Protein chains: 2
Amino acid sequence: MRLTSKGRYAVMALVDLARFDGINPVSLRDISLRQGISLDYLEQIFSKLRKKEIVQSVRGTQGGYILNRKAKEIKLTNIFDAVDEKVKTVQCKKESKKGCNGKSTKCLTHNLWDELETHINNFFDKKSLDDLVKENLERRF
Amino acid sequence: MRLTSKGRYAVMALVDLARFDGINPVSLRDISLRQGISLDYLEQIFSKLRKKEIVQSVRGTQGGYILNRKAKEIKLTNIFDAVDEKVKTVQCKKESKKGCNGKSTKCLTHNLWDELETHINNFFDKKSLDDLVKENLERRF
DNA sequence: ATGATACTTGACTATTTTGGTCAGGTTTAT
DNA sequence: ATAAACCTGACCAAAATAGTCAAGTATCAT
């Protein structure tokens, strides 16, 4: 299973950005400073977010990024998906036609990981970016 | 988050073993052959399972491992815990006194990971080894 | 007793993933 | 024109993963 800093940074950055939704673009430099994330790394992350149409870029001076949809419509699954955080553990899944360990049958835990995946995705499907923004409203940034 | 082959192998091996619960010890060699897991690697895994009193070893010829408790009483959380599969993503957690990124406040996603962790642990707390054995009863091994 | 079976332990290692950095762009507001 | 900001691809060090290897020790069957 992979749920690492990249996904976490993506969410942090988008929560930061979402506060300005509809006001003005937010530069990665600002996000970098506020959230303590390397600028170069943010650029990689936002490149992926842009390709998946979660954000839009505004080039040039005073440029930055803006949300491409409303915060309420951006679910955490979308974000993790964009930055390639797969909520999947299992090698089992790779060779879908055959069984798991190169054998012809599924491994003894195959269904288990299926269920877990569903369980986790349910969690992330319910949470939107907007939810997180609201949870953090009273906080200092 | 870390949920990798080691945890998966541990569960597979224990499901295999649990079928003989109360009958006779199962050698790692047999598990290795049936499940397609390296013997040396299994030894590492079972060393940890033994230390956490999930299995007991029986040395000598016809030896092997047996469950130390009933399959119904072994929850998947116990297994993952034994083999050091932490269901935790977050660096946030390390420095519990301070905030997350070395800052004085929690990061914007801190609560999120807390909730996720609870969510996943709930899932694994409900599942026992016995559940998995039953799910696989009709299958060939 | 003695050999085979099986557990025990610890060191070692190749590969992959992660979490970045670095360099060299291009675009656009002012 | 120039600085701010995005854009892209290559590169890299450290850590984690998934093992292997070696050298035992304990116990049972014969």
Side-chain angles (χ1 to χ4, degrees), chain A residues 1-13 17 20 24-33 35-52 54-66 68 80 83-86 88-92 94 100-102, chain B residues 1-10 12-13 17 20 24-33 35-52 54-66 68 80 83-86 88-92 94 100-101:
Chain A
M1 164 122 45
R2 205 159 304 149
L3 268 183
T4 65
S5 285
K6 187 179 285 183
R8 178 169 147 251
Y9 286 164
V11 175
M12 284 169 67
L17 196 164
F20 298 92
N24 50 22
V26 180
S27 73
L28 294 190
R29 190 170 162 281
D30 287 352
I31 295 177
S32 166
L33 290 173
Q35 304 301 329
I37 305 168
S38 137
L39 176 58
D40 286 309
Y41 202 31
L42 275 177
E43 279 172 349
Q44 281 184 40
I45 292 169
F46 272 77
S47 166
K48 294 183 174 197
L49 292 174
R50 192 172 57 85
K51 280 173 191 156
K52 289 295 175 68
I54 290 173
V55 296
Q56 270 187 346
S57 67
V58 179
R59 303 186 77 150
T61 320
Q62 307 289 16
Y65 286 92
I66 57 178
N68 199 30
F80 289 131
V83 298
D84 299 317
E85 293 271 76
K86 306 286 182 197
K88 289 188 178 182
T89 325
V90 203
Q91 294 143 309
C92 306
K94 285 181 187 169
C100 298
N101 300 333
Chain B
M1 166 119 49
R2 205 157 303 150
L3 268 183
T4 65
S5 285
K6 187 179 285 184
R8 177 169 146 251
Y9 287 164
M12 283 168 68
L17 196 164
F20 299 92
N24 51 23
V26 180
S27 72
L28 295 190
R29 191 171 162 280
D30 286 352
I31 295 178
S32 167
L33 290 173
Q35 304 303 328
I37 305 168
S38 137
L39 176 58
D40 285 310
Y41 202 31
L42 275 176
E43 279 169 350
Q44 279 184 41
I45 292 170
F46 272 76
S47 165
K48 294 183 175 197
L49 293 174
R50 192 172 58 84
K51 278 172 191 156
K52 288 295 175 67
I54 290 174
V55 295
Q56 268 187 347
S57 67
V58 179
R59 303 184 77 148
T61 319
Q62 309 288 18
Y65 286 93
I66 56 178
N68 199 32
F80 290 131
V83 298
D84 300 316
E85 292 272 75
K86 307 285 184 198
K88 289 189 176 181
T89 324
V90 204
Q91 294 143 311
C92 307
K94 285 180 188 169
C100 299
N101 301 332

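These numbers were taken from a predicted model, which means no experiment stands behind them. Chain naming here is simple, since letters A, B, ... match the order of the sequence lines and numbering starts at 1 in each.
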Distance check needed: C/dT5 P versus B/Asp30 CG, whole Å only.
12 Å
Establish, with yes or no, whether the OP1 or OP2 oxygen of D/dA18 is under 4.0 angstrom from a side-chain nitrogen or oxygen of B/Ser5.
yes
Side-chain donor or acceptor of A/Arg59 under 3.5 Å from a matching atom on the base of C/dT26?
yes
Rounded to whole Å, CD of B/Gln56 lies from P of C/dT8 at a distance of 11 Å
Compare side-chain N and O positions of B/Thr4 against OP1 and OP2 of D/dA18 and report whether any pair is under 4.0 Å apart.
yes
Over how many whole Å does the gap from B/Tyr41 atom OH to C/dT9 atom C1' extend?
16 Å
Shortest non-hydrogen contact from B/Leu39 toward B/Arg29
CD1-N, 3.9 Å
Answer yes or no: does a side-chain N or O of A/Ser57 lie under 4.0 Å from OP1 or OP2 of D/dC7?
yes
Nearest whole angstrom, please: distance from the P of C/dG20 to the NZ of A/Lys6.
10 Å
Pick the closest DNA chain D nucleotide for A/Leu28 and for B/Ser38 by heavy atoms, then say which residue is nearer the 5' end.
A/Leu28
Pick the nucleotide of DNA chain C nearest each of B/Val26 and B/Gln44; which residue has the one closer to the 5' end?
B/Val26
Distance, rounded to the nearest Å, where B/Gln62 contributes CD and C/dA4 contributes C1'
11 Å
When you match A/Glu43 and A/Gly60 each to their closest nucleotide on DNA chain C, which lands nearer the 5' end?
A/Glu43
How long is the line joining CD1 of B/Ile37 and P of D/dT20, in whole Å?
12 Å
Over how many whole Å does the gap from B/Asp40 atom CG to C/dA14 atom P extend?
16 Å
A side-chain contact here means heavy atoms from C-beta on lying under 4.5 Å apart; do A/Phe20 and A/Asp30 qualify?
no
Does any N or O donor sit under 3.5 Å from an N or O acceptor when you compare the side chain of B/Arg29 with the base of C/dT5?
no
Quick check on D/dA5: is either OP1 or OP2 less than 4.0 Å from any side-chain nitrogen or oxygen of A/Arg50?
no
Quick one: is C/dG20 close enough that its OP1 or OP2 comes under 4.0 Å of any side-chain N or O from A/Tyr9?
yes
Would you name the heavy atoms of A/Ser32 and A/Ser38 that are closest together and state the gap between them?
OG-C, 4.2 Å
Considering all heavy atoms of both residues, which atom of A/Ile66 and which atom of A/Pro25 are nearest to each other, and what is their separation?
CG2-CA, 3.6 Å
To the nearest 0.5 Å, tell me how far A/Tyr65 OH sits from A/Ile31 CD1.
9.0 Å
B/Ile45 CD1 - D/dT17 P separation (whole Å):
13 Å
With sugar-phosphate meaning primed atoms plus P, OP1 and OP2, does A/Phe46 contact a base, only sugar-phosphate, or nothing at under 4.0 Å between heavy atoms?
nothing
